[in-house]
Every structure is written in structure tokens, then in C-alpha cells.
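First listed ligand is number 1; within each ligand, the first listed atom is number 1. Below, each value reflects all heavy atoms present in this structure, side chains not excepted, and no hydrogens, waters or symmetry copies.
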Amino acid sequence: MEFVEMKQQLFERIQQKKLVSATISQPRKKSDTLKRVKLKPVEIKGQYHIQLEYQYERILKHENVLLENFHAFLEVLFQKFRQFHGQFTDSTIQIQLSKKNKVFWKEEKMESIKEVSLAHNRKKNYLLEESTPYPFLVRLGVQTPEGKVKKQKYDKFRQINRFLEFIDDSLDYLPKDRQIRILDFGSGKSYLTFALYHYLKIEKGLDIKVTGLDLKKEVIEECNKIAEDLHYDHLEFLVGDINDYHDETSVDMVVTLHACDVATDMALARAVKWGAKVILSVPCCQHELNRQLNAPQLEIMTQHGLIKERFAALATDSIRAELLKLVGYEVQLMEFIDLEHTPKNILIRAYKTGRKANKKELERYRAFVEFLSAKPFLEKELKEYLS
Ligand SMILES: C[S@@+](CC[C@H](N)C(=O)[O-])C[C@H]1O[C@@H](n2cnc3c(N)ncnc32)[C@H](O)[C@@H]1O
């Protein structure tokens, strides 16, 4: 399809009032402070308009344009951007333009007609909206092609959205003048990896390179295939063990979601060594301390297996947080998701400050691990930073 025909086809659909919502992103000039533009139809004083939400680096601006005047705006938008993702009443359309305006057009027809809401301020609960089909969520089996979140995948959808909120809150800590390097360790089926790529690259228009790493070869192959099919450049998936992964010199953000047991600690240690500015980590099962724990003063609690397991898990996350603090991070343990939905509900959020720990803080930490007879893997990994 030619560039001119592509714009014509899009405009026809918009003229037929089939647009539900769309995002135009990937600025042609990297220096452009306008990162993306969101489109949605709105009714103002009984007249059909297209609302443009201009997303600059730090501010949002809105403009409402009468449908008959929109054509000129579309022309300008495609002079500025190379990516389009649109939800229409009967299909989703994804367009990628090369630098020379070679058109890649992907359209997926929908079985049922999607309704258009013309309300001026549509309520938005999640960063990824429930009724918008996202190609990666459809491919990963979280959504139906019409955008309905599958019942059995609803917890995953909620978790991804919550994680994206933490990522969104951390954007100020990430570099603005160069590509942002992000690693997802123990990425598994990579719901989160795809979601953060979609959110930061497609929705926010940020220059990012994302790698998901996992031990499972088949799963990683499938993730790479999806990324390739969706033309997600700078998103890759690698097979490997976190502990053997030394391929980076500098990383800006490390994320983990339910990386098993000490895999979380391996990821935290890597993040510290690379000087990551942001670490967001939701740990999973914690067995290490449960095996080591030997504190006679706590026997009233630890005589009960269930209590011992929970105590060990909480103490493990406290130790992780303290170690990160001692090596120069500001750390908070946050509630990730309501306990009702998953017991794995603590998120470790760490922002690099570079502040050095003092002797007293180190002593406080040492007394605590000694009391528990704990020999944390993470402490061994961070030994050189703790002197
Ligand atoms: C519970 S899954 C979570 C997957 C994904 N983050 C999610 O939330 O859907 C944990 C993943 O960690 C991976 N994993 C565990 N230990 C690892 C290691 N040492 N190196 C790389 N991946 C590891 C497992 O293969 C598994 O896919």
C-alpha cells in the first residue's frame, strides 16, 4: 500500500465515525519533545469532534477538531510520526512507516462491533484499558481479539497494570537524553515485558531497549516470534540463567515479577552492579531463609511451619530492602496487589541515590542476620559494596 492511499483509507474510516481510539507515536525526529498523540472521538455541543491529546515530555495538551477539519491534522501527524495503533468499531489497525514512508499495514477484523463512547472525559481505571484490544495481549491469550480480558487471565491483567503504574511513577528517575536500557529477569511468558514495552515505547514514545531473560527456551522462542510479528524493534528475549548473564555494562531499570526464590536476589545483585537507577521487583517463593532460620527466641512462632514460612518470606524481603539501602538505594516495600488476589503482594521499589551506608547501619543489619542465622545470597553477591 502506498503512503497516500494509507492516509486516505484511514481518513475514510474516521469520516465514517468508526474510530474508537488511536495512538500515533514514534517521532521521526528523536529530539522532538512531542512524543505521541492520542485520538478519540468526542461530542461537543452536539457536534462530532476528534480530540487530540498531545503528550510532550512532561505535559499534556488537548485540542478538539471538527471532523471535517481533521484531514489536515492527520497529514501533519504522519509528517511527524511513524507508528499508528487504532481501534475502530470493526477492526484494529496497526501501521508502521519506514523512514522513507514504506507502509506496513496490519488490520485485524473483529467479530462483533465495538461501541464508540463520545463522552468528553471517559473514565480510565487502568493504564491498559479493559476494552481496548492490545495486539500483544491478544497474542499472549490475555484478551480476545475484541479486547475482552479472559476471565482466567484477569489477575494477570490486573498485575501487569499495577506494575505499569509503578513504572510510570519511576519515569523521572530514568535518563531523558539517551536510550533507556531495561531488563526483565525471569520474564517467563513475558506479559510484563510486552506490557512495559507497549506502554513506554508505543504509548509514551520513549526510546527504549528491552530484554527479557528466562531459562525456558520454547517460551523465549515464542516471545521472540510475537515481538517480530508485531514489529516491536528493540525488544528481545534471551534464553539464559540470570546468574550467568554478564552481557551488560550499564542498565537503567531492572524489573522482576515473581522470579522464583533466589532468582530475585540474582536480579537485584545484577541491577546493583550495573548501577540501575530503578529496580522494581515482586519476589516469589522465598525458600532460602526458611531453610537457614535458627533463632531460639522465635520458636513460639517458628514451631508452626506456616508461620515460619511467612515469617521467613517477610524477613527475606526486609533483608533485601536493607541490603539495597546499604549499597546506595532509597527503598520502599509497597503493596503490589490486594492480598485477596495473590499472596505474593510485596513490591520492592528502589531508586539509586548513591548514598553510602554508615557504620551504625551496617552493624544494625549484621545484628539482624546474625539473630536469624541468615546467610543471604544477596549479601554474598554484594560483598564488595558493603565494606
Ligand atoms: C513464576 S514465573 C514468572 C514469569 C513472569 N515474570 C510473569 O510474571 O509472568 C518465574 C520465571 O522465572 C524463571 N527463572 C527462574 N530462575 C531463573 C534464573 N536463574 N534465570 C532465568 N530465569 C529464571 C522461570 O523459568 C520462570 O519462567
Identify the protein heavy atom lying closest to [atom], giving its residue, its atom name and the separation to 0.1 Å.
atom                    : value
atom 16 (N) of ligand 1 : Ala263 CB, 3.5 Å
atom 14 (N) of ligand 1 : Leu215 CD1, 4.1 Å
atom 20 (N) of ligand 1 : Ile242 N, 3.0 Å
atom 5 (C) of ligand 1  : Ser187 O, 3.2 Å
atom 1 (C) of ligand 1  : His258 O, 3.2 Å
atom 15 (C) of ligand 1 : Cys260 SG, 3.8 Å
atom 4 (C) of ligand 1  : Gly186 O, 3.4 Å

Margin query: So which atom in Tyr134 and which in Gln143 form the shortest heavy-atom distance, rounded to 0.1 Å?
Written below: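 Taking every non-hydrogen atom into account, N-OE1, 2.8 Å.
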Donor-acceptor pair between [X] and [Y] side chains, under 3.5 angstrom:
X      : Y      : result
Thr211 : Glu236 : yes
Tyr199 : Asp168 : yes
Lys325 : Tyr365 : no
Glu288 : Gln286 : no

Check: Same hydrophobic cluster for Ile182 and Ile242, using side-chain heavy-atom links shorter than 4.5 Å among ILVMFWY?
Finding: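 Different hydrophobic clusters.
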Next item on the list: Would you verify whether the NZ or CZ of Lys102 falls within 45 degrees of the ring axis of Phe104 while also being under 6.0 Å from that six-membered ring's centre?
Entry: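 The answer is no; the distance or angle limit is not met.
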Check: Do we get Lys17 above Tyr48's six-membered ring, with its NZ or CZ under 6.0 Å from the centre and within 45° of the axis?
Finding: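 Yes, Lys17 and Tyr48 form such a contact.
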Notebook entry, point to check: When the aromatic ring centroids of Phe163 and Tyr191 are compared, is their separation below 6.0 Å?
Noted result: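 So the answer is no for these two rings.
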Check: Taking the inter-plane angle between the rings of Phe194 and Tyr232 on a 0 to 90° scale, is it parallel (under 30°), tilted (30 to 60°) or perpendicular (over 60°)?
Finding: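 Phe194 vs Tyr232 ring planes: tilted.
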Closer than 4.0 angstrom: is that true for some heavy atom of [X] and an atom of ligand 1?
X      : result
Lys189 : no
Ser190 : no
Lys156 : yes

Note to self: Only heavy atoms of Gly240, strictly under 4.0 Å: list the atoms of ligand 1 that pass.
What the structure shows: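 Taking each heavy atom of Gly240 in turn, ligand 1 has 20 (N), 21 (C) under 4.0 Å.
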Check this for me - ligand 1, [X], N or O atoms closer than 3.5 angstrom, yes or no?
X      : answer
Asp241 : yes
Met266 : no
Cys284 : no
Asp214 : yes
Asp184 : no
Ala259 : no

Check: Could you walk me through whether Leu39 and Leu77 pass the side chain to side chain contact (heavy atoms under 4.5 Å, CB included) check?
Finding: CA-CA 11 Å; Leu39 309 176; Leu77 288 173; 4.2 Å; yes
Next item on the list: Counting heavy atoms only, name the option from Asp261, Thr264, Leu257 that's nearest to atom 6 (N) of ligand 1.
Entry: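 Closest candidate by heavy-atom distance is Leu257.
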Note to self: Phe157 vs Tyr126, test: ring-ring contact (aromatic ring centres under 6.0 Å, His included). Steps then yes/no.
What the structure shows: CA-CA 10 Å; Phe157 182 74; Tyr126 287 131; 5.6 Å; yes
Notebook entry, point to check: Which part of Tyr191 is near ligand 1, with near meaning a heavy atom under 4.0 Å away: side chain, backbone, both or neither?
Noted result: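 The side chain, only.
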